[in-house]
Structure formats: C-alpha cells, structure tokens
Amino acid sequence: GFEGDGVTCVDTDECADGTHDCDAHAVCTNTPGAWSCACDAGYQGIGTLCLDLDECAAGTHGCDANASCANTIGAWTCTCDDGYEGDGVDCVDLDECEVGTHDCDVNADCANTVGAWSCACHEGYVGIGTFCLDVNECAEGTHDCDVNADCANTGGAWTCTCEAGYEGDGVACADTDECGAGTHDC
C-alpha cells in the first residue's frame with residue numbers, strides 16, 4: 001500500500017521491506033500501492049506458491065536424443081547415454097574400438113556400432129567375440145596338409161611340413177627320388 005499522514009502518501013515498497021507474500025522461489029516487483037510476484041525460471045505457480053517445474057517430464061529440457069535428463073530443483077541436467085560422449089545437450093557416438101573401452105578378446109575384431117560395439121573372433125578362432133579359443137585344425141581334420149605331411153597347430157592357423165622322404169610345401173608333397181638325386185645310402 002501507501003503510508004503517510006493522509007495528505008501526503010508515499011508508496012510502500014513491500015518487496016524491499018519484506019512484507020510481501022511472494023514464494024521464496026519468486027521475484028517480487030513493487031507496483032504503486034501493491035506488488036506482484038513471478039515464479040523464478042524452473043518453477044511454476046502463481047508467484048505466492050511456486051513449485052519446481054520438472055523440465056524432463058515436460059519435455060522442455062533441451063537434452064540430446066541420446067542423453068538422459070535428470071530433474072533438479074529449479075533446473076535439470078543432461079548426461080549422454082552409454083556409448084555416447086558430450087555435454088548432454090550435444091552427444092556423439094563414442095568409438096569404443098578406437099578408444100579401447102570395448103571388451104573384445106585379443107583374438108577378435110572390434111566393430112563400432114551406433115552407441116555400442118560388436119566383437120567377432122578372428123578366423124581360426126571360435127567364441128562369442130569377448131572370449132575366443134584357438135581352433136585346432138590338425139585335430140579336427142580341417143587343415144589342407146598333404147597325406148604325406150605333418151600338421152602343426154598354430155594360434156589361429158596351422159602349418160604343413162612334408163614327412164621325411166617327401167618334398168614340397170606341405171600342402172603338396174612328392175616322393176623324393178633319392179636314387180636320381182644321389183642322396184641314397186645304398
């Protein structure tokens with residue numbers, strides 16, 4: 001209101017003297033003979049009662065589509081989802097393969113996907129990608145060694161070596177002609 005002697009009246013600043021009834025989360029504005037209250041940003045109400053506005057539920061937060069929104073008193077926070085990096089307002093795919101945060105086996109290839117990654121065992125290994133075991137091609141008979149060659153299993157592969165008395169690359173072995181070569185011991 002006003003104060004004075006009835007002849008001369010002066011506006012009372014209820015905002016300055018604390019006699020207003022605005023909520024603690026509102027701004028008081030003095031007007032001639034009264035005041036008005038407006039809720040702070042992040043709050044909603046009539047000014048004398050202001051409640052936290054849940055920007056996350058209202059969809060007014062501005063977080064990236066690949067981020068989660070968490071309501072806080074009078075505001076909100078944005079956090080990029082797993083597999084993404086950024087400030088929450090802008091999130092980009094994180095290449096887990098490039099930065100080494102994947103869990104692929106050392107004998108597997110890592111492939112980046114949107115928001116994640118996948119693992120595939122190298123040729124000669126079996127497993128789920130995060131765990132790969134060597135295939136023993138010699139024991140399984142899946143090698144390509146000649147019948148006159150010895151097969152030796154190696155990590156992810158095998159080698160073939162022609163048996164004594166035979167020559168070749170191990171995949172193809174031919175009988176050595178010791179007589180013709182003069183290497184016999186007859």
Side-chain angles (χ1 to χ4, degrees), residues 1-136 154-157:
F2 292 96
E3 55 186 46
D5 59 11
V7 176
T8 305
C9 296
V10 178
D11 178 50
T12 302
D13 188 344
E14 296 84 3
C15 298
D17 68 17
T19 59
H20 63 83
D21 61 352
C22 295
D23 188 270
H25 298 288
V27 174
C28 179
T29 304
N30 190 55
T31 61
W35 68 91
S36 66
C37 306
C39 293
D40 293 339
Y43 292 87
Q44 60 186 356
I46 59 173
T48 55
L49 176 64
C50 298
L51 301 174
D52 177 52
L53 172 64
D54 187 343
E55 295 84 1
C56 300
T60 58
H61 51 76
C63 296
D64 190 271
N66 297 306
S68 59
C69 179
N71 189 56
T72 61
I73 301 300
W76 69 94
T77 60
C78 303
T79 305
C80 293
D81 295 338
D82 288 342
Y84 295 87
E85 61 185 347
D87 61 6
V89 175
D90 293 305
C91 299
V92 295
D93 179 51
L94 172 66
D95 188 340
E96 296 84 357
C97 300
E98 186 177 310
V99 299
T101 57
H102 62 84
D103 61 353
C104 297
D105 189 272
V106 295
N107 294 307
D109 291 319
C110 181
N112 188 54
T113 60
V114 177
W117 69 93
S118 64
C119 308
C121 294
H122 295 156
E123 189 173 335
Y125 292 87
V126 293
I128 59 173
T130 56
F131 182 75
C132 300
L133 291 172
D134 178 47
V135 174
N136 188 335
T154 61

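For the numbers below, each heavy atom of this structure counts, side chains included, while hydrogens, waters and symmetry mates do not.
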Report summary line: Hits for side-chain hydrogen bond (donor to acceptor under 3.5 Å, both in side chains) against Asp40, two or more places apart or cross-chain, chain-then-number order -> none
Can you list, pair by pair, the side-chain donor-acceptor contacts under 3.5 Å of residues 72-81, counting residues two or more places apart and other chains?
from	atom 1	to	atom 2	distance (Å)
Thr72	OG1	Ala75	O	3.3
Thr72	OG1	Trp76	N	3.2
Trp76	NE1	His61	O	2.9
Asp81	OD1	Ser68	N	3.3

Query raised in the report: Is there a donor-acceptor pair closer than 3.5 Å between any side-chain N or O of Tyr125 and the backbone N or O of Gly156?
Result: yes
Requested in this report: May I ask you to decide if Ala57's main-chain N or O and Asp54's side chain share a donor-acceptor pair within less than 3.5 Å?
Outcome: yes
Query raised in the report: Can you tell me if the gamma sulfurs of Cys104 and Cys97 fall under 2.5 Å?
Result: no
Query raised in the report: Once you round to the nearest 0.5 Å, how far does CG of Asp134 lie from CG of Asn107?
Result: 8.0 Å
Requested in this report: Determine if the SG-SG distance between Cys15 and Cys22 falls under 2.5 Å.
Outcome: no
Requested in this report: Hey, could you give me the CG/OG1 distance between Asn30 and Thr12, rounded to the nearest 0.5 Å?
Outcome: 8.5 Å
Query - Whether Asp11 side chain and Gly33 backbone form a donor-acceptor pair below 3.5 Å - result: yes
Query - Over all atoms of both residues, closest heavy-atom pair of Glu14 and Asp17 - result: O-OD1, 3.0 Å
**Report entry** Pair listing, side chain to side chain donor-acceptor pair (under 3.5 Å) test, anchored in residues 87-98, at least two apart
**Finding:** Asp93-Asn112
Query raised in the report: Of all residues at least two apart in sequence or in a different chain, which pass the ring pair (Phe, Tyr, Trp, His ring centres under 6.0 Å) check with His122?
Result: none
Query raised in the report: Can you tell me how far the OG1 atom of Thr101 sits from the CD atom of Glu85, to the nearest 0.5 Å?
Result: 9.0 Å
Query raised in the report: How many angstroms lie between NE2 in His20 and OG in Ser36, if you round to the nearest 0.5 Å?
Result: 11.0 Å
Requested in this report: Kindly compute the distance separating CG (Leu94) from CH2 (Trp117), expressed to the nearest 0.5 Å.
Outcome: 9.0 Å
Query - Val126 vs Cys132, side chain to side chain contact (heavy atoms under 4.5 Å, CB included): CA-CA, chis, key distance, verdict - result: CA-CA 5 Å; Val126 293; Cys132 300; over 6 Å; no
Query raised in the report: Among all residues two or more places apart in sequence or in another chain, which pass the side-chain hydrogen bond (donor to acceptor under 3.5 Å, both in side chains) test with Asp21?
Result: Trp35
Requested in this report: Decide yes or no for Thr130 and Asp105: does some side-chain heavy atom of the first lie under 4.5 Å from some side-chain heavy atom of the second?
Outcome: no
Requested in this report: List for me each residue that meets ring pair (Phe, Tyr, Trp, His ring centres under 6.0 Å) alongside Tyr84, sequence neighbours excluded, and say none if there are none.
Outcome: none
Query raised in the report: Do the non-hydrogen side-chain atoms of Gln44 and Cys39 ever get within less than 4.5 Å of each other?
Result: no
Report summary line: In this structure, CG of Asn66 is separated from CG of Asp82 (nearest 0.5 Å) by 11.5 Å
Report summary line: Shortest non-hydrogen pair, Gly129 vs Cys121, comes out as N-SG, 3.5 Å
